[in-house]
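Quick notes on the structure that follows.
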Amino acid sequence: MASKPNSIQLFALQVPAQISLPFKLYSLIVPQDWKKLLNKLQQRKNGKSYISLPVECLNHALQLLLDDEILFPSKNAFKLTSNANWLYTKTDNVSTNYIANVVKTWLRISLQNAKDLTEADIAEINSLSGDDLHFEEVQLPEKVWELEDGQLKINPLYYNLIPYLLASAIASEPLKLIDPTTGKVFKEVVFRSCAVDNGDVAELISWAPELEIKEVTNKETSKKNKTTHNYSYLINFALHYTADGKPYVSCNYGIRRWVNWELGFLSSRVTVYVSPTNSTRFAPCQLKFVKKKKDAHDKKNGDKKKNIDFEGHLARLISELNFRDKFTALEVINNPCKQDDLAWGIVYNNTMSHSHNAGAGLFPQDIEIFYNCCREKIQKFFGDAFPTIETYTRCDNKQAVEKTSTEYKALGKFIKSHFAVESEDIPFYIPPDLRLILLSQTTASNKLIHALASKYSINMI
């Protein structure tokens with residue numbers, strides 16, 4: 001999975017105490033015999049009880065191949081001690097035989113190199129049947145959440161269900177982007193849902209990718225060349241809770257840029273998002289450089305592309321379970337942004353600088369655009385059920401909002417000018433009792449805060 005993309009929290013929403021679903025909710029339970037078998041097989045493969053089989057890959061494959069039926073999976077459903085249901089749907093008319101076939105294919109691929117796999121184990125795998133699986137209607141509690149002695153009580157299902165409801169509202173029809181300077185619709189954007197390793201987040205990306213063409217001047221020759229950037233808009237929803245225990249939903253906006261040139265040697269893993277034919281979802285898998293024994297021909301030609309392959313089994317599962325979609329790692333790196341029925345895109349990186357954006361609907365103006373259209377769509381589907389409690393699109397200092405990333409170096413000057421006392425011994429001095437209070441919502445920003453404090457010898461954070 002790619003690292004967390006640069007994003008801004010558009011707004012936060014209150015979670016209502018009660019929710020009425022516009023559909024019946026069903027869930028599939030993993031049989032205890034299946035859990036025991038998988039637990040035994042993963043120990044047979046790894047020799048360790050705490051290493052589990054890659055269930056995320058199985059969940060991603062099912063979400064892609066049954067995207068009309070499956071709303072979301074539970075990541076803990078296969079644990080022996082877990083009571084969590086596995087797959088959630090709007091109907092109980094889903095082929096359990098197909099699901100069982102996917103599970104057996106996933107096990108065969110995952111265990112192909114396992115040592116000491118016995119004929120009895122293989123027979124148990126082959127005996128898995130759709131008749132073992134049953135969908136049951138989910139009875140939701142009357143209250144979504146309540147506080148008891150200052151502690152939040154909420155059904156864990158809502159950590160998946162509420163983000164799904166909000167994301168599905170955004171993706172239900174093309175999102176109309178309105179230029180706030182003219183009040184006119186300048187673009188309609190189609191969003192697709194993405195399967196994520198962290199199942200508690202509902203993520204959307206726009207597809208097909210946006211195309212941005214820039215003119216770049218070569219400093220040495222003064223010649224102007226055109227560069228092309230492919231990118232998608234990204235929106236995600238996640239449920240959190242405040243310090244006083246009350247739940248809320250965050251809506252984050254960002255941009256995912258795609259590689260649009262033929263790849264060669266990979267210095268590190270890259271993330272590929274794949275969407276099979278007839279699927280409206282994407283799911284991530286990894287490409288990596290794999291060391292292989294070279295024959296004489298390879299040593300002579302030095303073709304490093306042959307050593308790039310998929311990590312994990314999602315791509316192989318798609319190929320084996322959907323005969324129309326046979327593809328290899330070489331095809332992906334030769335055509336890294338494919339926009340046909342079988343679609344994929346390689347993530348370039350997760351940083352989008354201002355040089356990659358221009359025009360209406362792009363940074364920083366798009367913050368206001370997406371805030372308005374997302375809130376309007378949510379209100380259209382849910383009325384006032386999810387009122388806004390926080391918004392980050394307003395700022396009295398417009399110049400500060402529009403500063404480019406390079407200008408944020410002035411942060412150091414700001415700290416010095418406000419907290420530094422001039423001294424003859426050293427360039428500046430910060431009082432030892434200074435207490436720095438900053439808020440962060442990501443691991444990356446948390447590390448940045450500590451590094452910033454350390455730079456100025458601030459110990460109390």
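Just so we're clear, the structure is a prediction, and the values are computed from it rather than from any experiment.
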Side chains of Val102 and Leu66 in contact at under 4.5 Å (non-hydrogen atoms): no

Neighbour count above 12 (heavy atom, 6.0 Å) for Asp340 CG: yes

Ring pair (Phe, Tyr, Trp, His ring centres under 6.0 Å) partners of Trp34, counting only residues at least two apart: none

Straight-line distance of Leu314 CG to Leu58 CG, nearest 0.5 Å: 10.0 Å

Value rounded to 0.5 Å, distance of CG in Leu133 from CG in Leu28: 5.0 Å

Side chain to side chain contact (heavy atoms under 4.5 Å, CB included) between Ile170 and Ile378, intermediate numbers included: CA-CA 7 Å; Ile170 300 296; Ile378 291 171; 4.3 Å; yes

Which atom of Ile333 lies closest to which atom of Leu287, heavy atoms considered: CG2-CD1, 3.7 Å

More than 12 heavy atoms from other groups under 6.0 Å of NZ on Lys176: no

Sub-4.5 Å side-chain heavy-atom contact between Leu25 and Leu71: yes

Within 6.0 angstrom of Glu188 CD, more than 12 heavy atoms from elsewhere: yes

Parallel, tilted or perpendicular: ring planes of Phe78 versus Trp86, cut at 30 and 60 degrees: perpendicular

Qualifying residues under salt bridge (charged side-chain N to carboxylate O under 4.0 Å, His left out), relative to Glu311, sequence neighbours excluded: Arg269, Lys288

Whether over 12 other heavy atoms sit under 6.0 Å from Glu146 CD: yes

Chi angles and distances behind the side chain to side chain contact (heavy atoms under 4.5 Å, CB included) call for Leu147, Leu152: CA-CA 5 Å; Leu147 293 177; Leu152 174 64; 4.2 Å; yes

Derivation and outcome, side chain to side chain contact (heavy atoms under 4.5 Å, CB included), residues Leu64 and Leu317: CA-CA 11 Å; Leu64 292 179; Leu317 261 175; over 6 Å; no

Beyond-backbone contact of Asn93 with Phe135, side-chain heavy atoms, under 4.5 angstrom: no

Nearest heavy atoms of Asn230 and Leu211, plus distance in Å: OD1-CD1, 3.1 Å

Minimum side-chain heavy-atom gap Asp33-Leu37 below 4.5 Å: no

Parallel, tilted or perpendicular, as decided by the 30° and 60° cut-offs, for the rings of Phe327 and Phe310: perpendicular

Backbone of Leu342 reached by a side-chain donor or acceptor of Asp325 within 3.5 Å: no

From CD1 (Ile19) to CG (Leu165), nearest 0.5 Å: 6.5 Å

More than 12 heavy atoms of other groups within 6.0 Å of Lys104 NZ: yes

Name of the residue among Trp258, Tyr273, Trp207 meeting side-chain hydrogen bond (donor to acceptor under 3.5 Å, both in side chains) with Ser232: Trp258

Donor-acceptor contact present, side-chain Glu331 to main-chain Thr328, <3.5 Å: yes

Passing candidate, side-chain contact (heavy atoms from CB on, under 4.5 Å) with Leu157, options Asn85, Val144, Val138: Val138

Side-chain (Asn126) to main-chain (Ile122) donor-acceptor, under 3.5 angstrom: yes

Near-ring test Phe370/Tyr253, centroid separation under 6.0 angstrom: yes

Whether over 12 other heavy atoms sit under 6.0 Å from Glu137 CD: yes

Trp261/Tyr348 under side chain to side chain contact (heavy atoms under 4.5 Å, CB included): CA gap, chis, key distance, verdict: CA-CA 10 Å; Trp261 59 87; Tyr348 168 59; 3.3 Å; yes

Residue pair Pro16 / Phe386, side-chain heavy-atom distance below 4.5 Å: yes

Nearest non-hydrogen partners of Thr96 and Gly130, listed with the distance: OG1-O, 3.0 Å

Asn335 and Trp344 side chains, donor-acceptor separation under 3.5 Å: no

Main-chain N/O of Pro247 paired with Trp145 side-chain donor or acceptor, under 3.5 Å: no

Test item: Asn260 side-chain N/O and Thr228 main-chain N/O as donor-acceptor pair under 3.5 Å: yes

Spacing of Glu124 atom CD and Ser127 atom OG [to the nearest 0.5 Å]: 6.0 Å

Shortest non-hydrogen contact from Ser82 toward Lys35: O-NZ, 2.8 Å

Atom pair CG/CG of Asp309 and Leu330 - distance to nearest 0.5 Å: 10.0 Å

Option from Gln63, Arg281, Glu203 for which side-chain contact (heavy atoms from CB on, under 4.5 Å) with Ser193 holds: Arg281

Side-chain donor or acceptor of Ser279 paired with backbone N/O of Ser275 under 3.5 Å: no

Heavy-atom closest contact (His313 atom, Cys57 atom, distance): C-SG, 3.6 Å

Shortest non-hydrogen separation from Tyr248 to Ile389 and the atoms involved: CB-CD1, 3.7 Å

Ile125 side chain near Leu111 side chain, heavy-atom distance below 4.5 Å: yes

Inter-residue atom distance Ser74.OG - Asp200.CG, 0.5 Å rounding: 8.5 Å

Asp121/Lys40 salt bridge by N-O under 4.0 Å criterion: yes

Side chain to side chain, Tyr88 and Asn160, heavy atoms closer than 4.5 Å: no

Min side-chain heavy-atom separation Leu175-Tyr233 under 4.5 Å: no

Over 12 non-hydrogen atoms of neighbours within 6.0 angstrom of NZ in Lys36: no

Heavy atoms of other groups near Gln32 CD, more than 12 under 6.0 Å: yes

Flag, side chain of Lys143 to backbone of Lys153, donor-acceptor distance under 3.5 Å: no

